[in-house]
Amino acid sequence: MNNLIFIAVVLAITALAYHYGRRHALGVVGGKARDLHSLPGYYGAYVALWCLIPAMTCAVLWFLIEPLVLKQMIVGSILETRPGLSGDEIGLAVNEIHSLSINAYAFASATADKKALVGRYLEIKSIGSIAMVVLAFALAAAGLYYARKMIAPRLRARQAVEKAIMCAMIVCSTIAVLTTIGIVFSLLFEAMRFFAHVSPIDFLFGLQWSPQIAMRSDQVGSSGAFGAVPVFAGTLLITAISMAIAVPIGLFSAIYMAEYSSHKFRAWVKPILEVLAGIPTVVYGFFAALTMAPFVRDVGQAVGLDVASESALAAGIVMGIMIIPFVSSLSDDVINAVPQSLRDGAYAMGATKSETIRQVVIPAAFPGIVGSIMLAVSRAIGETMIVVMAAGLAANLTANPFAAVTTVTVQIVTLLIGDQEFDSPKTLAAFALGLVLFVVTLILNIIALTVVRRYREQYE
Amino acid sequence: MAEINVALSARDSSAPTGKIKLSARNVGVFYGAANALRDVNMDFEEHQVISLIGPSGCGKSTFLRCINRMNDTIPGCRVVGSINMDGTNIYGPDIDPVELRARVGMVFQKPNPFPKSIYDNVAYGPRIHGMAAGKAELDEVVEWALRSAGLWEEAKDRLQQPGTGLSGGQQQRLCIARAIAVHPEVILMDEPCSALDPIATAKIEELIDELRRSFTIIIVTHSMQQAARVSQKTAFFHMGNLVEEGPTDVIFTKPHDPRTGAYITGRIG
Ligand SMILES: Nc1ncnc2c1ncn2[C@@H]1O[C@H](COP(=O)(O)OP(=O)(O)OP(=O)(O)O)[C@@H](O)[C@H]1O
Ligand SMILES: [Mg+2]
């Protein structure tokens, strides 16, 4: 709560600083905004930033170093009451006091010694916070004073403000990049731990996937096999089925909407198609498990095929339906973006409508269409819910679409919701699967990008 | 190649006949309810360059698009009247606009090469109309079209590179090559030089004069000098009406209608 109030006050000061800076800048030139280098608002923003940035930097820094400082300060007091503690024990004691300080119930039942320590801890903490707040306001005031002194008709306030905005953007994009790197490294780190138990060769090329591990040493038959090939084959099979559904239907409906349909039809159908993309995947899962899977089984039996009640085909079809709008909506947009002058050129050459579309419009829209298909593929690879509900959990190594299969994402989920301890190979296998999935999608994306780029070079 | 030359020289010998290639009768165009063009009556002689001039929005492009039925592709556009080509009404019930457009080529104001190689751009028309029997024949047609459009020397070493990589003037000549590759009888040009510099313009004007020997050319232009330089006949449009037409030198020196004179001397526009 305290922090919220602090932020609110800083923002209020910033707002005031903005108005003050603006008024002051106008005052300097006697109200003639024309004599200022930048618009008055930029001077306001200049002053406001000089208040906001130092104060917020101070607060953020304090937020980062507060635990360290507090620890340093309390260690002395702990050693006074309990001399001769080792390094680890000191760490534990500090943690205990920290948790007592935020848990009133535990605090009530603590010993008097500890209560005293907690009191001291809280005292140091509040002194630190007050010092930080005072420092932050002092910095804000100093910034205000400095910025006010800088304001002059020739001050390039716009450049300064725009530079600050650019820095903010750089920080944001750095955060995005760092998060990605962080995710990759955490995956990598856990996967390494898995590969300490299971050799990468066995994992990547093994044909047997049954990640059950004996929980007790006298249990039999569950030594665990971590050959990931069946799992990846399942992902591949279901993705292929769903793309076989989504790409033709999506592409043809996009072409129809963009080139043949009336405006009215398009205005109705496009939003309806896009609703498909908004349906939660669990709902698709129901549809797949309760409607599509029995239907596929009945049809299969009618023609004399042996179909499992949970089949790759059912899940793949429903997933394909789910992905249609990704392909159709994006492709429709890129086809619409093809300049009319190209169509006119083809018509004027005596091309028919379908020749124009096939030979001129689609090639011109090709990079965008590939992009939409790539997006659809990554959706299909990452989809979990439909597969859990309709394709089963059995890791069969098969290319038969009527058999039950499982996919990488499904296995990751089932591996992690078990009650194994966290560093068992079974749990860690999830990270290895995740890592391989990440690498596969990365490679797919790189291939798609190169295709698109080569095509662009050729045709733009 | 030999056949083409024969065809060309045959056309050459027929050049001075003064035969009527196209005749427009009571042509009018409506965009929805708006009447953009009224009652145009005009004849076009074979192997002539006819220029259409007039202030912006007077209906020149609209009329030009009537001649290859490109107006059919504009939703809500309706054409009335008739245009006869070699005596047949191109708005007749048994005329396929797609076939018609193979006989009446068009070059647009903004160069619009397809996103394909230079070769494929020129070969596009012959391919869709099945005009070349094999690769060798297609090569010949492409070379002939590029030569006729004055682009061969610049393009012969980069035929497989994208047409969009050429300069604006080269792209426009590529579009002309693309149009003539199907051996149309008439070529329509809608301000073909408005995006080009004087040198590229001069090249295209020279080209138009060359092409006249083989084709009938109708050109829309905003440049009086260009109309005077390239055309034998000029038609002046104003607010959806054909005001006056006649030999170019007459239109430019002794126009009948005061509006024509006013436009040419720059007093209306
Ligand atoms: N697709 C269209 N839909 C509706 N009205 C149109 C359309 N195209 C042209 N018009 C109208 O028809 C009239 C004639 O237009 P047109 O393009 O033929 O003029 P223009 O003589 O070619 O002019 P410019 O010299 O500027 O090219 C104009 O009033 C224009 O607004
Ligand atoms: Mg025009």
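For the numbers below, each heavy atom of this structure counts, side chains included, while hydrogens, waters and symmetry mates do not. For clarity, every value in this text was computed on a predicted model and none was experimentally measured. A note on names: the letters A, B, ... follow the listed sequences, proteins ahead of strands, and every chain is numbered from 1.
Proximity to chain A (any heavy atom under 4.5 Å) is shown, for P97(B), by neither the backbone nor the side chain. Of the two parts of V98(B), the backbone and the side chain both hold a non-hydrogen atom closer than 4.5 Å to a non-hydrogen atom of chain A. Within the 4.5 angstrom heavy-atom criterion, only backbone atoms of V104(B) (N, CA, C, O) approach chain A. Looking at R178(B), the atoms closer than 4.5 Å to chain A (heavy atoms on both sides) sit in the backbone and in the side chain alike. Using a 4.5 Å cut-off between heavy atoms, Q340(A) does not touch chain B at all.
Residues A348(A) and M70(B) come closest through the heavy atom pair N-SD, 3.9 Å. Smallest separation of non-hydrogen atoms from A351(A) and Y124(B): CB-OH, 3.6 Å.
In this structure, F108(B) CZ and L342(A) CG are separated by 10.0 Å, a value rounded to the nearest 0.5 Å. If you take CE on M349(A) and NE2 on H129(B), they are separated by 6.0 Å, rounding to the nearest 0.5 Å. Rounding to the nearest 0.5 angstrom, the gap separating the OG1 atom in T352(A) from the CG atom in D96(B) is 9.0 Å. Separation of atoms CG (D344(A)) and CG (D190(B)) is listed at 10.5 Å; rounding is to 0.5 Å.
Residue Y260(A) qualifies as enclosed at atom OH: its count of foreign heavy atoms under 6.0 Å is above 12. The environment of NZ in K156(B) is crowded: more than 12 heavy-atom neighbours from other residues, nucleotides or ligands sit within 6.0 Å.
The candidate with the highest count of non-hydrogen atom pairs below 4.5 Å against chain B, out of R343(A), K353(A), E355(A), is E355(A).
Distance alone, capped at 3.5 Å, is enough to place a donor-acceptor pair between the N112(B) side chain and the S341(A) backbone.
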May I have the step-by-step check of side chain to side chain contact (heavy atoms under 4.5 Å, CB included) for Q359(A) and R127(B), ending in yes or no?
-> CA-CA 11 Å; Q359(A) 296 161 351; R127(B) 275 191 182 132; over 6 Å; no
